[in-house]
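Please read the structure below before turning to the comments.
When a ligand or atom number is given, it counts from 1 through the structure's own listing order. Because the structure is predicted, anything quoted here is derived from the model rather than measured.
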Amino acid sequence: MKVQTIMADLERKHPGESEYLQAVQEVLESIEEVYNLHPEFEKAKIVERMVEPDRIFTFRVTWVDDKGEIQTNLGYRIQFNSAIGPYKGGIRFHKAVNPSMLKFLGFEQTFKNALTTLPMGGAKGGSDFDPVGKSDAEIMRFCQAFMWELWNNIGPDTDVPAGDVGVGGREIGYMYGMYKKLAREYNTGVLTGKGMTWGGSLIRPEATGFGALYFVEHMLAKAGKSIKGATVAISGFGNVAWGAATKATELGAKVVAISGPDGVVYNPEGMNKEKLDYMLALRASNRNIVAPFAEKFADATFIPGKKAWSIKCDIALPCAFQNELNGDDAAELVANGTWCAAEVSNMGCTPEAIATFQGAGILFAPGKAVNAGGVATSGLEMTQNAMHISWSAAEVDSKLHYIMESIHAACVKYGTQEDGYINYVKGANIAGFMKVAQAMLEQGIV
Ligand code: 2IT
């Protein structure tokens, strides 16, 4: 396998799909060496088959807004790879959603899910529907219209969607309600991230952020460092940012920044319960601005137009969107003394940013390892649904701990370089790839 040849072919077939091509290139560069040691992979054309989704559903979603006007959006579900389990992955509602974005996310999801130790394939879905400023009734009508199209292509053993950017517990509720009506079955396992009274799992809302911090703890311990007393800059202020901020604070770190599309909140005193609760209220307000945080808390300052990476910190945690931390941001962080960066968002860092962090020899770990606790806990939700039981929060949390520890160990196993530096990007990509490739090989040409 030659990365350049495969990439040239993909660029020709999928011109302009920049996020998708970026995600594929990163994985191929990581695995090239190992792959070429396995002629059986080459013979079965594993890479050529793995880079293309199994199938893509594209559909029109028409709904009526509060003014009585008819709105039309595009909906997608990308079933990427089912070698190790049913398709599994979130649904993103964001105005910039397009096939390239969802293909990158579905591709990443395949390897991430393989890392979780659980049997889940990779998928992603979403819509260019923009939830910002929409009323609750509009959100409900949109979710219902979206599910009306999707319901027949998903199922507890087929494809199990969940939340992502713009899709939280409320949206999953509206989608599940419509699914149940159309399917005429109480198939709780068809979606994850459900409410606690109807099949949801304790700890799922916290899992992505908590799991990320468990991973960071392992990474720091391996490097002989501790999170206690460290300053942490977090981008975003949604569910994932909230989970990360909550656990970081609990572990004794000081969260000195959160951010939104409007700018960054500098929060030198760190978080407390009231501030963490307010983050959730701010997100639920659906306005997508973080500035009100600094109006409410006198010790915090809002800096318009700036990113979280302009704030001096020990640990940087991108928790918002892909490519939100670029090469210049990474250089600024390194110059300000940052010694650890972990992607909590999917592909939160550009390739230039990753090269800058790794070049500076600081700790860096990729989203598909760091944020895998979210989908892993979705997997635990599926297990509970299949068994018709609910585990306690302590039980789910202990399983999440074990999973994050396993993912960290897999990264170390495959990513430790001769000079001792742990290349977590390479480690995560190789570990995820080997599992999926082996399964594809054993299942023949399908
Ligand atoms: O990116 C992700 O891993 C998610 N949005 C969660 C997917 C899931 O199925 O829980």
Side-chain angles (χ1 to χ4, degrees), residues 19 23 76-82 84-94 97 101-127 150 154-169 171-172 175-176 188-194 199-212 215 236 238-244 318-322 324 342-348 366-385 396 399-400 403-404 407 428 432:
E19 296 96 343
Y76 307 91
R77 184 69 180 168
I78 304 202
Q79 297 182 337
F80 219 103
N81 187 297
S82 65
I84 66 166
Y87 301 106
K88 179 83 195 88
I91 289 180
R92 177 174 290 194
F93 291 166
H94 189 278
V97 159
M101 195 191 295
L102 298 180
K103 278 168 68 181
F104 119 64
L105 289 162
F107 183 73
E108 293 261 308
Q109 197 80 45
T110 302
F111 302 99
K112 182 198 308 193
N113 293 5
L115 288 171
T116 63
T117 74
L118 303 174
M120 298 181 288
K124 205 80 189 192
S127 174
L150 187 64
I154 59 174
D157 295 309
T158 318
D159 181 357
V160 184
D164 193 79
V165 174
V167 177
E171 290 75 13
I172 293 293
M175 284 194 266
Y176 185 70
T188 37
V190 72
L191 294 173
T192 60
K194 297 182 293 292
S201 174
L202 290 163
I203 305 294
R204 179 63 189 91
E206 295 87 350
T208 310
F210 280 22
F215 188 95
N239 169 264
V240 171
W242 164 80
C319 292
F321 216 57
Q322 71 267 7
E324 55 172 313
E343 285 179 337
V344 193
S345 45
N346 293 307
M347 206 165 79
K368 59 172 86 66
V370 177
N371 74 29
V375 71
T377 308
S378 278
L380 301 175
E381 183 173 332
M382 289 165 69
T383 306
Q384 294 168 78
N385 294 158
V396 178
K399 288 182 163 64
L400 175 60
I403 289 168
M404 298 317 296
I407 298 174

Side-chain donor or acceptor of [X] paired with backbone N/O of [Y] under 3.5 Å:
{"X": "N113", "Y": "K88", "answer": "yes"}
{"X": "K194", "Y": "T188", "answer": "yes"}
{"X": "T383", "Y": "G379", "answer": "yes"}
{"X": "T377", "Y": "G373", "answer": "yes"}

What protein heavy atom lies closest to [atom]? Include the residue and the distance to one decimal.
{"atom": "atom 5 (N) of ligand 1", "value": "D164 OD1, 2.8 Å"}
{"atom": "atom 2 (C) of ligand 1", "value": "K112 NZ, 3.2 Å"}
{"atom": "atom 7 (C) of ligand 1", "value": "G90 N, 3.5 Å"}

Going by atom types alone, do D159 and Q79 pair a side-chain donor with an acceptor below 3.5 Å?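 Present: a donor and an acceptor within the cut-off.
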Within ligand 1, which atoms have a heavy atom of [X] less than 4.0 Å away?
{"X": "Q109", "value": "1 (O), 2 (C), 3 (O), 7 (C)"}
{"X": "N346", "value": "1 (O)"}
{"X": "A162", "value": "8 (C), 9 (O), 10 (O)"}

Determine, stepwise, if the pair L105 / E108 fulfils side chain to side chain contact (heavy atoms under 4.5 Å, CB included). CA-CA 5 Å; L105 289 162; E108 293 261 308; 5.7 Å; no
Measuring from atom CG of L380 to atom CG of N385, what distance do you get when rounded to the nearest 0.5 angstrom?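 One finds 11.0 Å between CG of L380 and CG of N385.
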Regarding atom 6 (C) of ligand 1: of the candidates M382, E108, R204, which has the closest heavy atom?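 Answer by nearest heavy atom: R204.
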Between K124, K88, R92, K368, flag the one that comes closest to atom 4 (C) of ligand 1 by a heavy atom.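 Comparing heavy atoms across K124, K88, R92, K368, the nearest one to atom 4 (C) of ligand 1 lies in K124.
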Do any nitrogen or oxygen atoms of G163 lie less than 3.5 angstrom from nitrogen or oxygen atoms of ligand 1?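 So ligand 1 has an N or O lying under 3.5 Å from an N or O of G163.
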When only distance counts, is S378 in polar contact with ligand 1, meaning an N/O pair under 3.5 Å?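 S378 vs ligand 1: N/O contact under 3.5 Å present.
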Region of T377 engaging ligand 1 - heavy atom pairs below 4.0 Å: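 Under 4.0 Å from ligand 1, T377 contributes no heavy atoms.
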